[in-house]
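Numbers for residues simply follow the sequence, beginning at 1.
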Amino acid sequence: QVQVVESGGGSGQAGGSLRLSCTTSGNSFRRDTIGWFRQAPGKEREGVAAQTNGGDTYYGDSVKGRFTISRDDAKNTVYLQMNSLQADDTAMYYCAAGYSSCVGACAADRPLQQYAYTRWGQGTQVTVSS
């Protein structure tokens, strides 16, 4: 079973930067789409960023231009570089793997949807102070 492990969370200042890492086990990483999601207290989990095995990237509207997702297939690792942090970025960040492909009519932003993933990490907390 694929395991998903996040790291790199912590505290940061508004305007600063943090980088999260997500490492998965198994041999399917190179063929997989990996997503980052976050959930703040009292709010629903939302898609932050995702990257397909072909390198296509997707970003949530609230992080476009500030966050960058990248992957290192040799290390089975996906990174989320978070710049220009804002207090609203405070949340538990989750990495997701085991992307299920869609056949037929598919949502354009499907990689940013929770239902598309089958494997989840335990999450890493990010706290941004203003």
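Hydrophobic clustering places L18 together with V48 (ILVMFWY residues linked when any side-chain heavy atoms are closer than 4.5 Å, directly or through intermediates). If you chain together hydrophobic residues whose side chains sit under 4.5 Å apart, V126 and V78 fall into the same group.
Between F67 and Y93, the ring planes are tilted. Angles from 30° to 60° get that label.
At least one donor-acceptor pair under 3.5 Å links the side chain of E6 to the backbone N or O of C95. With hydrogens and angles ignored, the 3.5 Å screen pairs no side-chain donor or acceptor of S21 with any backbone N or O of G8. Checking side-chain atoms of T90 against main-chain N and O of V128 turns up a donor-acceptor pair under 3.5 Å.
When the shell of 6.0 Å around CD of Q125 is examined, it contains more than 12 heavy atoms from other residues, nucleotides or ligands. More than 12 heavy atoms of other shown residues, nucleotides or ligands fall within 6.0 angstrom of atom CD in Q39.
Between R110 and S101, the closest heavy-atom pair is NH1-C, 3.9 Å. Taking both residues in full, the closest heavy atoms of T33 and P111 are given as CG2-CB, 4.3 Å, listed atom of the first, atom of the second, then distance. When every heavy atom of A97 is checked against every heavy atom of T24, the shortest pair comes out as CB-CG2, 4.2 Å. Nearest heavy-atom pair, N83 versus S17, reported as atom, atom and distance to 0.1 Å: OD1-OG, 2.8 Å. Nearest heavy-atom pair, T57 versus Q51, reported as atom, atom and distance to 0.1 Å: CG2-NE2, 3.7 Å. Closest approach of I34 to I69, counting heavy atoms only: O-CD1, 3.9 Å.
From R66, atom CZ reaches atom OH of Y59 across 12.0 Å, with rounding to the nearest 0.5 Å. Separating the CG atom in L112 from the OH atom in Y58 is a distance of 8.5 Å, to the nearest 0.5 Å. Rounding to the nearest 0.5 Å gives a distance of 14.5 Å between OG1 of T68 and OH of Y79. In this structure, CG on N53 lies 11.0 Å from CZ on R30, to the nearest 0.5 angstrom.
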Working for side chain to side chain contact (heavy atoms under 4.5 Å, CB included), residues M82 and D89 | CA-CA 9 Å; M82 306 186 296; D89 294 323; 6.0 Å; no

Begin with the C-alpha distance, continue with both residues' side-chain angles, and end with the deciding distance and a verdict on side chain to side chain contact (heavy atoms under 4.5 Å, CB included) for T124 and S7.
-> CA-CA 6 Å; T124 185; S7 62; 5.9 Å; no

Applying side chain to side chain contact (heavy atoms under 4.5 Å, CB included), run through F29 and T23 and close with a yes or a no.
-> CA-CA 9 Å; F29 180 86; T23 301; over 6 Å; no

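Partners of Y117 under the side chain to side chain donor-acceptor pair (under 3.5 Å) rule, at least two apart in sequence or in another chain, do not exist in this structure.
Side-chain contact between M92 and Y94: present, with at least one pair of heavy atoms (C-beta onward) separated by less than 4.5 Å. Under the 4.5 Å side-chain criterion, counting only non-hydrogen atoms from C-beta, N76 is not in contact with S25. A heavy-atom distance below 4.5 Å is not found between the side chains of R38 and L20. Taking the side chain as every heavy atom from C-beta outward, Q86 and S62 never approach each other to under 4.5 Å.
Seen from the ring of F37, R45 does not count as a face-on cation partner, given the 6.0 Å and 45° thresholds.
A salt bridge is absent between R119 and D32; no separation between the charged side-chain nitrogens and carboxylate oxygens falls under 4.0 Å.
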